[in-house]
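Below, chains carry the letters A, B, ... as their sequence lines are ordered, and counting in each starts from 1.
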Amino acid sequence: MLEIKFVRQNLSEVQQSLSTRGGAANLENFKECEEKRRELLFEVEELRHRRNVVSEEIAKMKKQGENAESLVLEMRDVSVRIKELEKSLSENEEAVNNIIMCLPNLPHASVPLGKDASENKLVKQVGTPRQFDFEAKAHWTLGENLKILDFERAAKIAGARFPLYFGAGAKLERALINFMLDIHTTEHGYKEILPPFIVNRKTMTGTGQLPKFEADLFKLEGWDYFLIPTAEVPVTNIHQEEVLEEEMLPIYYTAYTPCFRSEAGSYGKDTRGLIRQHQFNKVELVKFSTPERSYDELESLLENAETILKRLELPYQVITLCTGDMGFSAAKTYDIEVWLPSQGVYREISSCSNFENFQARRANIRFRRKGKKGTELVHTLNGSGLAVGRTFAAILENYQQADGSVLIPQALRPYMGGMEKI
RNA sequence: GGAGAGAUGGCCGAGAGGUCGAAGGCGCUCGCCUGCUAAGCGAGUGUGUGGCGAAAGUUGCACCCAGGGUUCAAAUCCCUGUCUCUCCGCCA
């Protein structure tokens with residue numbers, strides 16, 4: 001969330017900045033509620049002050065055996081009044097809170113202006129898409145023919161948009177997870193985390209999925225629990241309500257988790273294959289940083305994710321999301337897109353973002369500078385390193401042979417027991 | 001699932017209606033002392049939010065797990081919830 005005071009004092013600038021993200025924010029309403037809230041707060045505090053002073057006086061009088069009856073009677077009324085005011089104050093606070101919690105982050109100055117995905121900026125392309133002397137098949141065709149993917153049976157067990165891997169397919173998925181985790185932990189300095197896959201409402205709110213995007217989540221009926229849509233949620237919240245020491249920063253965590261998304265409103269998009277599933281695997285990278293270093297950390301996070309694609313020798317491109325295409329909590333986001341021959345396009349396989357202190361304020365994650373008084377909010381970052389299901393799809397498509405078989409990328413063969421081909 | 005105990009500052013831990021934002025210790029910061037280190041001595045050291053101030057500050061309010069209640073007054077009494085620990089049952 002944004003700082004309430006900052007929004008109040010820079011109303012038009014905030015309005016202006018948020019308007020570049022599309023979906024006009026209603027700051028008029030905020031202004032009204034916030035003014036009312038401040039009035040009520042002032043009044044309540046004044047009365048509470050009076051009560052504190054008089055109560056102390058009553059205590060003194062009683063000690064000296066004097067009669068304090070008239071003061072007690074007066075305070076009885078004051079307390080009733082305070083209670084009334086507190087009630088309307090808390091209603092008002094809730095209204096302000098609802099508004100502020102639904103405001104997206106302010107875009108960083110380096111983020112290109114734009115209304116939607118068409119205005120994202122290409123940063124670079126790495127690797128050259130392979131020329132096929134036959135027609136490149138889609139990964140779901142390859143996978144089904146090789147009997148390593150079975151969407152029909154998956155639908156029978158669970159429904160549409162669920163994966164079912166068999167044999168070498170299951171092994172390849174597992175190999176990818178291990179491959180990614182090993183690189184990030186041994187070469188990039190991340191600590192491996194295995195978090196809960198179900199989290200509570202506060203945690204979901206801390207990273208920004210709630211209150212605005214409940215429809216995108218799977219909720220457990222009868223419980224205030226949600227399936228995680230990404231490891232970002234449990235891993236960032238590891239340090240919720242904590243004060244970290246400056247020398248602990250930066251903190252690097254990596255975690256494999258399955259991810260669960262309702263994909264509400266995506267009917268008809270990517271209905272086939274592994275691209276858009278209700279459940280998929282992902283290896284996530286999460287960082288906690290001091291504010292002054294966070295944009296350097298974003299660059300290295302991006303490189304860490306790119307390393308996986310380079311090792312797998314998959315062609316990809318990196319883009320900077322424009323203001324209109326960024327996610328709710330992000331101040332700046334790079335997407336990595338992998339080449340999918342069957343579609344002839346680059347598709348998102350990783351999204352690397354700096355959230356600055358937006359999540360830290362919600363989750364209350366602070367740090368203390370050595371030798372300095374007080375605390376500051378940390379900056380949080382995360383990125384996929386990578387989406388495993390989409391990596392699986394990219395390998396099938398990019399490494400397919402004319403006979404329908406698929407070569408295993410060199411770097412992955414040790415993880416496949418030496419297997420060279422499926 | 002049953003029975004009991006607990007939750008207090010960065011950490012440990014006292015406090016059992018008013019003198020408590022909270023003893024004491026640890027840690028940390030600054031200073032003194034010491035040939036270095038260690039020890040010792042002295043002072044300071046929570047968070048949030050508002051007012052005043054250029055600032056150092058100063059001042060109001062809130063916060064002792066969370067939410068309600070009793071009371072002129074709640075860390076302290078009552079109710080509900082969450083979490084932790086111990087024992088019993090069940091279980092991978």
Check the distance between [N]'s [atom2] and [X]'s [atom1] and give it to me in whole angstrom.
{"X": "A:Arg81", "N": "B:C72", "atom1": "CZ", "atom2": "C1'", "value": "18 Å"}
{"X": "A:Lys202", "N": "B:G67", "atom1": "NZ", "atom2": "P", "value": "11 Å"}
{"X": "A:Lys87", "N": "B:G69", "atom1": "NZ", "atom2": "P", "value": "11 Å"}
{"X": "A:Glu93", "N": "B:C61", "atom1": "CD", "atom2": "P", "value": "17 Å"}
{"X": "A:Arg48", "N": "B:C72", "atom1": "CZ", "atom2": "P", "value": "18 Å"}
{"X": "A:Glu245", "N": "B:C28", "atom1": "CD", "atom2": "C1'", "value": "9 Å"}
{"X": "A:Glu241", "N": "B:C11", "atom1": "CD", "atom2": "P", "value": "12 Å"}
{"X": "A:Glu45", "N": "B:U59", "atom1": "CD", "atom2": "P", "value": "16 Å"}

Ring geometry between A:Tyr190 and A:His188 (parallel below 30°, tilted from 30 to 60°, perpendicular above 60°): perpendicular

Side-chain heavy atoms of A:Leu244 within contact of A:Ile251, under 4.5 Å: yes

A:Phe30 side chain reached by A:Leu11 side chain, heavy atoms, under 4.5 Å: yes

Holding to side-chain hydrogen bond (donor to acceptor under 3.5 Å, both in side chains), I want the full list of residues that pass it with [X], two or more places apart in sequence or in another chain.
{"X": "A:Lys115", "result": "A:Glu119"}
{"X": "A:Arg8", "result": "A:Glu34"}
{"X": "A:Arg293", "result": "A:Glu297"}

Salt bridge (Lys or Arg N to Asp or Glu O under 4.0 Å) between A:Glu74 and A:Arg50, intermediate numbers included: CA-CA 11 Å; A:Glu74 190 198 335; A:Arg50 170 137 182 81; 2.5 Å; yes

Along RNA chain B (nearest heavy atom to each residue), the more 5'-positioned of A:Tyr225 and A:Thr375: A:Thr375

Nearest-nucleotide 5' precedence on RNA chain B, A:Arg38 against A:Val44: A:Arg38

Which residues in [range] have a heavy atom closer than 4.0 Å to any atom of RNA chain B?
{"range": "residues 246-253 of chain A", "result": "none"}
{"range": "residues 49-62 of chain A", "result": "A:His49, A:Arg51, A:Asn52, A:Ser55, A:Ile58, A:Ala59, A:Lys62"}
{"range": "residues 68-77 of chain A", "result": "A:Val72, A:Met75, A:Arg76"}

For [N], give the paired nucleotide (Watson-Crick: N1-N3 plus N6-O4 or O6-N4; G-U: N1-O2 and O6-N3; both under 3.5 Å), or none.
{"N": "B:G21", "value": "none"}
{"N": "B:G57", "value": "B:C52"}
{"N": "B:C91", "value": "none"}
{"N": "B:C36", "value": "none"}
{"N": "B:U86", "value": "B:A3"}
{"N": "B:C65", "value": "B:G81"}
{"N": "B:C28", "value": "B:G44"}
{"N": "B:U76", "value": "none"}

Taking the same atom, [atom1], in [N] and in [M], what whole-Å distance lies between them?
{"N": "B:A22", "M": "B:U45", "atom1": "C1'", "value": "15 Å"}
{"N": "B:G67", "M": "B:C30", "atom1": "P", "value": "37 Å"}
{"N": "B:A14", "M": "B:G68", "atom1": "P", "value": "29 Å"}
{"N": "B:A74", "M": "B:A62", "atom1": "P", "value": "9 Å"}
{"N": "B:G81", "M": "B:A7", "atom1": "C1'", "value": "14 Å"}
{"N": "B:G15", "M": "B:G25", "atom1": "C1'", "value": "15 Å"}
{"N": "B:A16", "M": "B:C78", "atom1": "C1'", "value": "15 Å"}
{"N": "B:G17", "M": "B:G60", "atom1": "P", "value": "27 Å"}

[X] [atom1]: over 12 foreign heavy atoms closer than 6.0 Å:
{"X": "A:Glu32", "atom1": "CD", "answer": "no"}
{"X": "A:Glu94", "atom1": "CD", "answer": "no"}
{"X": "A:Lys219", "atom1": "NZ", "answer": "yes"}

Nucleotide N/O to protein N/O under 3.5 Å, stretch nucleotides 63-66 of chain B:
none

Short side-chain N/O contact from A:Ser79 to OP1 or OP2 of B:U71, under 4.0 Å: no

Phosphate OP1/OP2 of B:G50: any A:Lys5 side-chain N/O under 4.0 Å: yes

Sugar-phosphate only, base, or nothing, as touched by A:Arg8 at under 4.0 Å among non-hydrogen atoms: sugar-phosphate

Non-neighbouring partners of A:Glu313 that pass salt bridge (charged side-chain N to carboxylate O under 4.0 Å, His left out), sequence neighbours left out: none

Residues in salt bridge (charged side-chain N to carboxylate O under 4.0 Å, His left out) contact with A:Asp270, at least two apart in sequence or another chain: A:Arg276, A:Arg347

Verdict with supporting geometry, A:Arg81 and A:Glu43, salt bridge (Lys or Arg N to Asp or Glu O under 4.0 Å): CA-CA 10 Å; A:Arg81 179 69 185 139; A:Glu43 206 179 336; 3.4 Å; yes

Which residues share a ring-ring contact (aromatic ring centres under 6.0 Å, His included) with [X], sequence neighbours left out:
{"X": "A:Phe213", "value": "A:Phe328"}
{"X": "A:Tyr225", "value": "A:Trp223"}
{"X": "A:Phe218", "value": "A:His278"}

Distance-minimising heavy-atom pair for A:Leu71 and A:Glu57: CD1-OE2, 3.9 Å

